Amino acid sequence: MATESDGEEDTTGKLSGSQNLAVDDDSREMAKKAAWSVSSCKPGNGVPSLRDDNLETYWQSDGAQPHLVNIQFQKKVKLHLLVLYVDYKLDESYTPSKISIRAGDGFHNMKEIKTVELVKPVGWVHISLSGTDPRDTFIHTFMLQIAVLSNHLNGRDTHIRQIKIYGPRPNPVPNQPFHFTSKEFITYSTIRRF
């Protein structure tokens with residue numbers, strides 16, 4: 001998971017990254033169900049570089065900030081976690097330092113749900129999409145937009161090496177009104193007939 005930076009400065013709410021991609025078993029990757037687009041890219045460094053599971057490749061923007069990654073779904077989906085792989089040691093001034101996460105039905109009604117500051121991140125940065133209310137465990141949206149507002153060292157273009165989006169797994173028991181999460185409850189959630 002993302003960790004707080006241990007630097008001398010105040011780093012409350014700032015993320016630095018983790019080398020391990022650790023996600024709960026009750027989550028599933030949702031990005032394959034989406035149409036991806038970016039605001040700009042250098043030739044050969046577009047959307048396929050974000051989704052190829054190769055940490056050596058990256059999306060590189062080519063234009064004015066903010067740099068945008070748009071992720072559109074055909075139907076409303078539940079999302080609860082956004083995970084980015086960024087590497088300050090390799091990318092330096094190309095590394096994002098401030099990111100805005102927006103959600104909505106389309107480009108016409110995007111609302112910012114979270115702003116995140118990154119402090120020299122190296123590795124996977126986990127960003128929870130749930131709100132400040134503990135009852136809000138996910139967002140329900142047609143579209144997610146990641147806006148890179150600024151880079152380290154005032155860099156112009158940005159590098160993001162991988163993006164993954166996770167949502168909750170569907171209820172494993174069909175036609176069951178309750179969503180049991182433990183194996184013990186799932187075991188006894190149906191009635192057997194003899």
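Side chains are part of it too, since the values below use all heavy atoms of this structure and drop only hydrogens, waters and symmetry mates. Fair warning: this is a prediction, and the values are worked out from it, not measured in the lab.
- In the hydrophobic cluster analysis, where Ile, Leu, Val, Met, Phe, Trp and Tyr join through side-chain heavy atoms closer than 4.5 angstrom, Ile113 is grouped together with Leu84.
- Not one N or O on the side chain of Asn45 forms a donor-acceptor pair closer than 3.5 Å with the backbone of Cys41.
- One distance of note links CD of Gln145 with NZ of Lys111; it measures 14.5 Å at 0.5 Å rounding.
- Heavy atoms from other residues, nucleotides or ligands lying under 6.0 Å from OH of Tyr88 number more than 12.
- Under the 4.5 Å side-chain heavy-atom criterion for grouping Ile, Leu, Val, Met, Phe, Trp and Tyr, Met110 is not connected to Leu82 through any hydrophobic cluster.
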- [ ] Could you go through the side-chain hydrogen bond (donor to acceptor under 3.5 Å, both in side chains) check for Asp52 and Gln162 one step at a time?
- [x] CA-CA 8 Å; Asp52 62 3; Gln162 291 293 302; 2.9 Å; yes

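- Taken from CD1 in Ile99 to CG in Leu118, the straight-line distance is 4.5 Å, to the nearest 0.5 Å.
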Task: Full working for side-chain hydrogen bond (donor to acceptor under 3.5 Å, both in side chains) between Ser93 and Asn151 - done: CA-CA 6 Å; Ser93 67; Asn151 293 324; over 6 Å; no

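- Taking every heavy atom of both residues into account, Pro66 and Ser39 meet most closely at O-OG, 4.3 Å.
- Of the inter-residue distances, the one linking Ser40 atom OG with Leu68 atom CG reads 8.5 Å to the nearest 0.5 angstrom.
- A salt bridge links Arg51 to Glu29: at least one charged side-chain nitrogen sits closer than 4.0 Å to a carboxylate oxygen.
- A side-chain N or O of Glu112 and one of Thr115 form a donor-acceptor pair less than 3.5 Å apart.
- Under the 4.5 Å side-chain heavy-atom criterion for Ile, Leu, Val, Met, Phe, Trp and Tyr, Leu21 and Leu81 are members of the same hydrophobic cluster.
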TODO: For Ser97 and Ser150, run side-chain hydrogen bond (donor to acceptor under 3.5 Å, both in side chains): C-alpha distance rounded to whole Å, both residues' side-chain angles, the deciding distance at 0.1 Å, then the answer.
DONE: CA-CA 6 Å; Ser97 63; Ser150 63; 2.9 Å; yes

Open item on the list: For a side-chain contact (heavy atoms from CB on, under 4.5 Å) check, start with the C-alpha distance between Tyr94 and Asp157, then their side-chain angles and the critical distance, and finish with the verdict.
Closed with: CA-CA 6 Å; Tyr94 289 95; Asp157 289 330; 3.9 Å; yes

Open item on the list: side-chain contact (heavy atoms from CB on, under 4.5 Å), that's the test. Do Val86 and Val125 meet it? Break it down for me.
Closed with: CA-CA 8 Å; Val86 287; Val125 177; 4.0 Å; yes

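- Two different hydrophobic clusters hold Val69 and Phe142 under the rule that ILVMFWY side chains link at heavy-atom gaps under 4.5 Å.
- Side chain of Thr141 to backbone of Met143: a donor-acceptor contact under 3.5 angstrom is found.
- For Lys42, the salt bridge (charged side-chain N to carboxylate O under 4.0 Å, His left out) partners at least two apart in sequence or on another chain are Asp62.
- With hydrophobic clusters built from ILVMFWY side chains whose heavy atoms lie under 4.5 angstrom apart, Val116 shares a cluster with Ile71.
- Here the side chain of Arg161 pairs a donor or acceptor atom with the backbone of Leu55 at under 3.5 angstrom.
- The shortest heavy-atom contact between Thr95 and Asp87 is OG1-O, 3.6 Å.
- Interatomic distance, Lys75 NZ to Lys33 NZ, rounded to the nearest 0.5 Å: 6.0 Å.
- Taking CD1 of Ile165 as the start and CZ of Arg28 as the end, the distance is 12.5 Å to the nearest 0.5 Å.
- Ring-plane geometry between Tyr58 and His159 is classed as parallel, the angle between the planes falling under 30 degrees on a 0 to 90 degree scale with a further cut at 60.
- Of all heavy-atom pairs between Phe138 and His80, the closest is CB-CB, 3.9 Å.
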- [ ] Give the intermediate values and the outcome of side-chain contact (heavy atoms from CB on, under 4.5 Å) for residues Trp59 and Val47.
- [x] CA-CA 7 Å; Trp59 162 59; Val47 171; over 6 Å; no

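- Taking CD1 from Ile139 and NZ from Lys114, the interatomic distance works out to 9.5 Å, rounded to the nearest 0.5 Å.
- Distance alone, capped at 3.5 Å, places no donor-acceptor pair between the Trp36 side chain and the Pro48 backbone.
- Scanning both residues, Leu144 and Leu79, for their nearest heavy atoms gives CD2-CD1, 4.2 Å.
- At a threshold of 4.0 Å, the pair Asp53-Lys164 counts as salt-bridged, since one of the basic side-chain nitrogens sits closer than that to a carboxylate oxygen.
- With Ser130 contributing its side chain and Thr137 its backbone, the two residues share no donor-acceptor pair below 3.5 Å.
- With His152 contributing its side chain and Pro96 its backbone, the two residues share a donor-acceptor pair below 3.5 Å.
- Here the shortest heavy-atom pairing between Ser49 and Thr57 reads O-OG1, 3.4 Å.
- Counting all heavy atoms, side chain and backbone alike, Phe107 lies closest to Gln72 at CE1-NE2, 3.7 Å.
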